[in-house]
Amino acid sequence: MIMKKMILFLAIALSCSMGTFAQSSLVATLQHGSNIQAFYGIDALSSAHTAAVDGDIITLSTGEFNSCDITKVISLRGEGIGKTILNSYITFTIPHGSAYTLNLEGLQFGNSSRSIGVSITGTDGTERVVISKCLFHLWQRSISITNCNATIVQCRTNYGQVEARGNSNITCQNSKLGVSRNENSHFDIQNCVLVGGYDMKYSSIKNSIIDWASSSWSLDASSTSTHCLVINDASGFANSWYVDSWENIIVGNPRDMNEQAYSPYQLTESAASTYLGTDGTQVGIYGGMYPYDETPSYPLVKTLDVIGTHSNGKLNVKINVE
């Protein structure tokens with residue numbers, strides 16, 4: 001019911017703003033309780049953030065937006081991977097002891113020709129972050145998470161790592177990523193594809209596919225692991241399967257970025273029934289409780305059709321929400 005009301009408020013705001021909407025296809029809506037504001041253009045995110053307070057929701061339309069420094073604990077939503085794109089380095093700073101959770105969903109950071117870094121910073125490790133259904137084009141850059149309690153689910157990174165710094169506890173589920181840690185940080189990883197790992201100490205990995213990019217990287221003895229499918233250039237994984245190559249195990253060439261864009265590390269039918277995790281489902285991102293799916297979890301406004309002509313400065317609009 002709450003979600004339906006939220007979508008209704010959004011629909012009303014968009015209906016009232018159609019005259020301006022027609023002039024710009026880049027829209028950011030800011031929701032504070034039942035109040036909705038709309039901002040337009042490539043800097044719409046920055047404008048919406050300036051007007052926001054902690055706990056607000058900013059929703060970005062399809063298109064490419066300029067990034068800005070985010071200093072408020074908001075929910076930032078997009079239309080999905082390949083649709084809503086942030087085009088430059090972006091920082092998120094969570095005030096100490098905030099009662100809110102920073103939520104990022106349905107966003108693409110950078111693109112195939114422009115990589116960007118992402119920095120998320122808390123204070124003592126209690127600050128909360130949830131990142132879901134996002135794609136990060138890193139290309140030797142990183143998602144740096146410092147002093148946060150973070151969850152990453154159904155996300156992908158291209159050539160880069162999630163770096164756990166300071167006192168961070170990062171849970172990763174059903175995601176394809178590289179990982180590294182230092183100081184007092186650690187990872188809890190389940191049903192993921194790991195394509196690189198550095199200083200992997202004091203962490204837990206299970207039901208995952210391990211494709212280290214370098215044979216010099218291994219799982220430290222201080223970490224625990226079980227039921228992982230491991231290529232032979234990685235070591236240190238207990239209770240796991242080691243294979244010489246991905247042939248007949250992974251669909252296509254898993255190290256081909258073009259193929260990963262469509263089916264990242266998808267097991268063949270035979271492998272999916274052979275390599276089973278602790279819960280009896282296939283290892284990797286398509287098993288477990290949250291099989292990989294890029295579709296945002298919230299309803300999206302699909303079409304806005306103007307009916308008739310305007311009257312008293314208002315428009316009749318037919319809205320299709322899915």
Undergrad: Is any side-chain heavy atom of W241 closer than 4.5 Å to one of C228?
TA: no
Undergrad: Does the Lys NZ or Arg CZ of R181 fall within the cation-pi geometry relative to Y202 - under 6.0 Å from the ring centre and within 45° of the axis?
TA: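 No, cation not above the ring by the 6.0 Å, 45° rule.
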Undergrad: In the structure I gave you, are the side-chain heavy atoms of N66 and S46 within less than 4.5 Å of one another anywhere?
TA: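 With C-beta onward as the side chain, the pair stays apart.
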Undergrad: So, S225 and N239: side-chain donor and acceptor under 3.5 Å apart, yes or no?
TA: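 No pair is found: no donor N or O on one side chain lies under 3.5 Å from an acceptor on the other.
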Undergrad: Is K176 reaching over with its side chain to a backbone N or O of T157, donor-acceptor style, under 3.5 angstrom?
TA: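 Between the backbone of T157 and the side chain of K176 there is a qualifying donor-acceptor contact (under 3.5 Å).
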Undergrad: Taking H49's backbone N and O only, do any of them form a donor-acceptor pair with K72's side chain (distance below 3.5 Å, no angle check)?
TA: yes
Undergrad: Just by modelled atom types, is the N169 backbone N or O under 3.5 Å from a matching donor or acceptor in the S185 side chain?
TA: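 Not confirmed, S185 side chain does not pair with N169 backbone.
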Undergrad: Would N207 and T278 satisfy side-chain hydrogen bond (donor to acceptor under 3.5 Å, both in side chains), going step by step from the backbone distance to the final call?
TA: CA-CA 7 Å; N207 305 342; T278 54; 3.1 Å; yes
Undergrad: Identify the two heavy atoms, one from G106 and one from C134, that lie closest to each other, and give their separation to 0.1 Å.
TA: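 Nearest pair, atom of G106 first, then C134: N-SG, 3.9 Å.
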Undergrad: Out of curiosity, does Y198 fall in the hydrophobic cluster containing M200 (side-chain heavy atoms, cut-off under 4.5 Å, transitive links)?
TA: yes
Undergrad: Within the 4.5 Å heavy-atom criterion, are V230 and V243 side-chain neighbours or not?
TA: no
Undergrad: Between Q282 (side chain only) and A272 (backbone N and O only), is there a donor and an acceptor less than 3.5 Å apart?
TA: no
Undergrad: Between atom CG of N103 and atom CG of L76, what is the distance when rounded to the nearest 0.5 Å?
TA: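 It comes to 10.0 Å.
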Undergrad: Which value, rounded to the nearest 0.5 Å, describes the distance between I131 atom CD1 and Q154 atom CD?
TA: 13.5 Å
Undergrad: Checking S297 against E105: is there a side-chain donor and acceptor pair closer than 3.5 Å?
TA: yes
Undergrad: Should Y286 and L229 be regarded as members of a common hydrophobic cluster, given that ILVMFWY residues are connected when their side-chain heavy atoms come within less than 4.5 Å of each other, either directly or indirectly?
TA: yes
Undergrad: Do you see a donor-acceptor pair shorter than 3.5 Å between the side chains of Y265 and D211?
TA: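 Yes, because at least one side-chain N or O of Y265 sits under 3.5 Å from a partner of the opposite role on D211.
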Undergrad: Specify the closest pair of heavy atoms between Y242 and A234, including all atoms of both residues, with the distance to one decimal.
TA: CE2-O, 3.2 Å
Undergrad: At what distance, to the nearest 0.5 angstrom, does OG of S142 lie from CG of L177?
TA: 12.5 Å
Undergrad: Give a yes-or-no answer on whether the side chains of H32 and D56 include a donor-acceptor pair shorter than 3.5 Å.
TA: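 Yes.
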Undergrad: Please name the pair of heavy atoms, one in S67 and one in S88, separated by the smallest distance, quoted to 0.1 Å.
TA: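 Minimum heavy-atom contact is OG-O, 2.7 Å.
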Undergrad: Output, in order, the C-alpha distance, side-chain angles, deciding distance and verdict of side-chain contact (heavy atoms from CB on, under 4.5 Å) for Q173 and I152.
TA: CA-CA 6 Å; Q173 293 183 307; I152 299 173; over 6 Å; no
Undergrad: Main chain of K206, side chain of S208: is a donor-acceptor contact present, judged purely on distance under 3.5 Å?
TA: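 Yes, the answer is positive, given that a donor and an acceptor are paired below the 3.5 Å cut-off.
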Undergrad: Under a 3.5 Å cutoff, is there a donor and acceptor pairing between the side chains of S180 and Q161?
TA: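 Per modelled atom types, S180 and Q161 side chains form a pair under 3.5 Å.
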Undergrad: Verify whether one side chain among Y292 and R156 offers a donor that lies under 3.5 Å from an acceptor in the other.
TA: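 Short answer, yes.
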Undergrad: Check the pair T121 / E127 against side-chain contact (heavy atoms from CB on, under 4.5 Å), numbers first and verdict last.
TA: CA-CA 9 Å; T121 304; E127 289 76 21; over 6 Å; no
Undergrad: If hydrophobic clusters are built from ILVMFWY residues whose side chains come within less than 4.5 Å, do I189 and M289 share one?
TA: no
Undergrad: Would you find a donor on one side and an acceptor on the other, under 3.5 Å apart, between the side chain of S273 and the backbone of S270?
TA: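 Yes; judged by distance alone, with no hydrogens or angles, the pair exists.
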Undergrad: Ignoring hydrogens and geometry, is there a side-chain-to-backbone donor-acceptor pair from K133 to D293 under 3.5 Å?
TA: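 Confirmed, K133 side chain pairs with D293 backbone.
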Undergrad: For S119 and Y89, work out which heavy atoms get closest and say how close.
TA: CB-OH, 3.2 Å
Undergrad: Between D124 and N167, is there a side-chain donor-acceptor contact under 3.5 Å, judged purely by atom types and distance?
TA: no
Undergrad: With no hydrogens and no angle check, do the side chains of T101 and R128 hold a donor and an acceptor under 3.5 Å apart?
TA: yes
Undergrad: Checking S61 side chain against S25 main chain: does a donor-acceptor pair fall under 3.5 Å?
TA: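 Judged by distance alone, yes, a pair lies under 3.5 Å.
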Undergrad: Any chance you could measure L30, atom CG, to I58, atom CD1, to the nearest 0.5 Å?
TA: 5.5 Å
Undergrad: Minimum heavy-atom separation for W246 to I231, with atom names?
TA: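 Distance-wise, the nearest heavy atoms are CZ2-CB, 3.7 Å.
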Undergrad: Would V130 end up clustered with V179 when hydrophobic side chains under 4.5 Å apart are linked, directly or stepwise?
TA: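 Not linked; separate clusters.
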Undergrad: Is it possible for you to say whether F92 and V129 belong to one hydrophobic cluster, with membership spreading through side-chain heavy-atom contacts below 4.5 Å?
TA: yes
Undergrad: Could you verify whether a donor N or O on one side chain and an acceptor N or O on the other, from T91 and D69, lie under 3.5 Å apart?
TA: yes
Undergrad: Heavy atoms, side chains only, cut-off 4.5 Å: are L135 and N158 in contact?
TA: yes
Undergrad: Determine yes or no for a side-chain-to-main-chain donor-acceptor pair under 3.5 angstrom, with S223 supplying the side chain and L219 the backbone.
TA: no
Undergrad: So, do L267 and I209 sit near enough that their side-chain heavy atoms are less than 4.5 Å apart?
TA: yes
Undergrad: Which of these, I249, N232, D233, sits in a side-chain contact (heavy atoms from CB on, under 4.5 Å) with D244?
TA: N232
Undergrad: From L45 CG over to L26 CG, what is the distance, rounded to the nearest 0.5 angstrom?
TA: 11.5 Å
Undergrad: Would you confirm whether S168, through its side chain, and I170, through its main-chain N or O, come within 3.5 Å as a donor-acceptor pair?
TA: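 No; judged by distance alone, with no hydrogens or angles, the pair does not exist.
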Undergrad: Can you list everything that forms a ring pair (Phe, Tyr, Trp, His ring centres under 6.0 Å) with F109? Sequence neighbours excluded, please.
TA: F136
Undergrad: Please test N147 against I94 for side-chain contact (heavy atoms from CB on, under 4.5 Å), starting from the C-alpha separation and ending with a verdict.
TA: CA-CA 10 Å; N147 295 329; I94 306 175; over 6 Å; no
Undergrad: Quick one, L276 and T274 - any side-chain contact, counting heavy atoms below 4.5 Å?
TA: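 Result no, sub-4.5 Å side-chain heavy-atom pair not found.
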Undergrad: Taking the side chain as every heavy atom from C-beta outward, state whether I205 and L194 have any pair of such atoms under 4.5 Å apart.
TA: yes
Undergrad: What is the minimum heavy-atom distance between R77 and L107, and which atoms define it?
TA: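 Heavy-atom minimum between the residues: C-CD2, 3.8 Å.
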Undergrad: Measuring from atom CG of L60 to atom CD1 of I85, what distance do you get when rounded to the nearest 0.5 angstrom?
TA: 11.5 Å
Undergrad: Would you sort out whether N87 and N111 count as a side-chain contact (heavy atoms from CB on, under 4.5 Å), showing the intermediate values?
TA: CA-CA 8 Å; N87 63 13; N111 53 44; 5.9 Å; no
